[in-house]
There are 2 protein chains.
Amino acid sequence: MLTELEQRILDAIRFHISQQGRSPTLVEIGAAVGVASKGTLHRYVQGLIDKGHLVRNHAGWRGLQLVEEEGADERGSLPLLGQIAAGLPIEAIPGHDKLNLMDFFMGPGRFILKVVGDSMIDVGILDGDMVVIRHAQQAYSGEIVVALIDGEEATLKRLKYLNDGRVKLIPENSTMQPFVYAAHRVRIQGVLVGQMRSYQ
Amino acid sequence: MLTELEQRILDAIRFHISQQGRSPTLVEIGAAVGVASKGTLHRYVQGLIDKGHLVRNHAGWRGLQLVEEEGADERGSLPLLGQIAAGLPIEAIPGHDKLNLMDFFMGPGRFILKVVGDSMIDVGILDGDMVVIRHAQQAYSGEIVVALIDGEEATLKRLKYLNDGRVKLIPENSTMQPFVYAAHRVRIQGVLVGQMRSYQ
DNA sequence: CTTGAAAGTTCTCCAAAAGTTCTCTATAGT
DNA sequence: ACTATAGAGAACTTTTGGAGAACTTTCAAG
């Protein structure tokens, strides 16, 4: 249960968001409820977070978000029945009974590219597949990335940093050869986070 | 969540593109929002790219492209930027600029199975992938199906009807052999309509 | 093909605003 | 007396917003 001041602070936050579209600062909350001390306000806001009425959306300013109970949104979900293997019956996956396509693929800074060519065929990325890329300038060795070479050629390859500072781009196709470039010639544009294919 | 200046910069870019049909330079953005330093502007534009609100369309000047915010009704969509191939720049797909995951995968009577094993590796379905299956009792020759053999073993295989009335189930893995069954022993449970994989 | 202005990138420095942590005080109810 | 609530404010860290120098890259004019 909330104290009177906690309730007023929560109401003030809700009002501010409804009016301005973004959460208030501590000082703005203070002006609304008549409390001058940032420290006091912080204590109450933290209490509301601990009690589950607020969440901190992101680090930094104006990061408060109301926890309004949402109706279960089931759009984008398909039932996840279980596993299938050669020679075994379908086996239920305990706990998981639903797979949300948006949870699976969506995220900030992502986009889709259609794959042309067979250079990644050995990791199951075929001609015509869609790949989900997360925009990024950096990547770890071993990740599959969209790399721009000399600012001209964009290509999907597995990335490897060599000890001598150069960069190796490995096509996952046993009939193709890896290429090695000086680091400054290769710019990472994104990292592979998903792949999908339609058979219809 | 964007800060105030990030939001103003994004609005200024959107406005400039709507007026002039091409993205603004850093200095033009600065004139619109009242910031004199190219360095500061670059920092903010880069931040918007990292957060996924912008993408750099191509190298060079005026290469910014908006990633239009999906409204609540368009959740499940990611921007479809173009094609990628070994040795070619990313090439825009005219007309297509958005791919909706739900259009791609959702449909009546569908469910998902997690793949265990390598029996379909030659068509790019790997161990751990998720496959989308449309429930069906019939399938055409050449389709990939979930088949139940003798009411006991469920398996994902390519289906082929033989002239003598029997059924051939073909694992798409060059190290495995197809099996042939009398028709009454094989019951179709569904047809493969999609496949997806997450690399996170 | 050269060249230079315009554009983009990387870096350092700075300051104000916001958030965090802490101590101190006061008052009402049990 | 003890506890829960309410409040002030100092001292600190982090985030945001801003300037500009020095550099590289792009692109069009000659």
Side-chain angles (χ1 to χ4, degrees), chain A residues 1-13 16-17 20-51 53-65 135-138 148-154 181-189, chain B residues 1-13 16-17 20 22-51 53-65 89:
Chain A
M1 206 55 207
L2 300 180
T3 70
E4 194 224 321
L5 184 58
E6 281 176 335
Q7 189 61 60
R8 282 201 293 134
I9 286 175
L10 195 57
D11 290 342
I13 293 170
H16 192 281
I17 291 176
Q20 311 221 13
R22 55 181 185 172
S23 75
T25 66
L26 288 179
V27 171
E28 286 169 345
I29 296 170
V33 299
V35 171
S37 163
K38 284 196 295 179
T40 302
L41 291 161
H42 180 264
R43 176 152 41 92
Y44 277 89
V45 167
Q46 195 59 51
L48 287 167
I49 290 170
D50 293 342
K51 290 181 182 180
H53 294 85
L54 290 173
V55 288
R56 220 178 296 275
N57 193 21
H58 59 88
W61 304 350
R62 303 182 187 278
L64 295 177
Q65 199 174 48
H135 192 276
Q137 275 86 50
Q138 288 92 33
L148 192 69
I149 301 157
D150 296 330
E152 283 178 357
E153 302 178 4
Y181 298 93
H184 72 271
R185 296 180 59 192
V186 176
R187 187 184 312 169
I188 309 291
Q189 295 199 302
Chain B
M1 194 64 107
L2 299 180
T3 68
E4 196 219 321
L5 184 58
E6 283 175 335
Q7 188 62 60
R8 282 200 292 134
I9 285 176
L10 195 57
D11 290 343
I13 293 170
H16 192 281
I17 290 176
Q20 312 220 11
R22 58 180 185 172
S23 75
T25 65
L26 289 179
V27 171
E28 287 169 344
I29 297 170
V33 299
V35 170
S37 162
K38 281 196 296 179
T40 301
L41 291 162
H42 181 264
R43 176 152 43 92
Y44 277 88
V45 168
Q46 195 59 51
L48 287 168
I49 290 170
D50 291 343
K51 290 181 181 179
H53 294 85
L54 290 173
V55 289
R56 222 178 294 277
N57 193 23
H58 57 85
W61 302 349
R62 303 183 186 277
L64 295 176
Q65 195 176 54

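Each chain gets a letter, A, B and so on, in the order its sequence line appears, and its residues count up from 1.
Rounded to whole Å, the distance from CZ on B:Arg62 to C1' on D:dA28 is 14 Å. Counting to the nearest Å, the C1' atom of D:dT5 and the CZ atom of A:Arg8 are 12 Å from each other. In this structure, B:Tyr44 atom OH and C:dT10 atom C1' are separated by 17 Å, rounded to whole Å. In this structure, CD1 of B:Ile49 is placed 11 Å from P of C:dT10, rounded to the nearest angstrom. Across the protein-nucleic acid pair, A:Gln46 atom CD and D:dT5 atom P stand 16 Å apart, rounded to whole Å. Between the CG atom of A:Leu41 and the C1' atom of C:dT21 there is a distance of 14 Å, given to the nearest Å. Rounded to a whole Å, the CD atom of B:Glu4 is 11 Å from the P atom of C:dA18. B:Leu2 places its CG atom 17 Å from the P atom of D:dT15, with the value rounded to the nearest Å.
The side chain of A:Trp61 has D:dT16 as its nearest neighbour among D:dA6, D:dT16, C:dT9. Nearest nucleotide to the side chain of A:Thr3, out of C:dA18, C:dT9, D:dT5: D:dT5. Distance from the side chain of B:Leu5 is smallest to D:dG17 among D:dT25, C:dG19, D:dG17. In the set C:dT9, C:dT20, C:dA7, C:dT20 carries the atom at the smallest distance from any side-chain atom of A:Lys38. Across C:dA18, C:dT21, C:dT9, the shortest atom-to-atom separation from the side chain of A:His42 is found for C:dT21.
Ion pairing between a basic and an acidic side chain is recognised when a charged N comes within 4.0 Å of a carboxylate O; B:Glu28 and B:Arg22 show no such pairing. For the pair B:Glu4 and A:Arg62, the salt-bridge criterion is not met [side-chain N within less than 4.0 Å of a carboxylate O].
Residue side chain A:Arg43 reaches the base of D:dG7 through a donor-acceptor N/O pair under 3.5 Å, judged by distance alone. With hydrogens and angles ignored, a donor-acceptor pair under 3.5 angstrom links the side chain of A:Thr40 to the base of D:dA8. Between the side chain of B:Ser37 and the base of D:dG20, at least one donor-acceptor pair of N or O atoms lies under 3.5 Å.
Put simply, the side chain of B:His53 reaches to within 4.5 Å of the side chain of B:Leu2, judged on heavy atoms. A:Ile49 is listed as a side-chain neighbour of A:Arg56, based on a closest heavy-atom distance under 4.5 Å.
To the nearest 0.5 angstrom, A:Leu10 atom CG is 10.5 Å from A:Lys51 atom NZ.
Residue contacts shown for B:Gly39 include a base, since a base heavy atom lies under 4.0 Å away.
Regarding contacts with the backbone of C:dT20, a side-chain N or O of A:Arg56 is found under 4.0 angstrom from either OP1 or OP2.
Nearest-nucleotide positions on DNA chain D for A:His184 and B:Ala36 put B:Ala36 closer to the 5' end.
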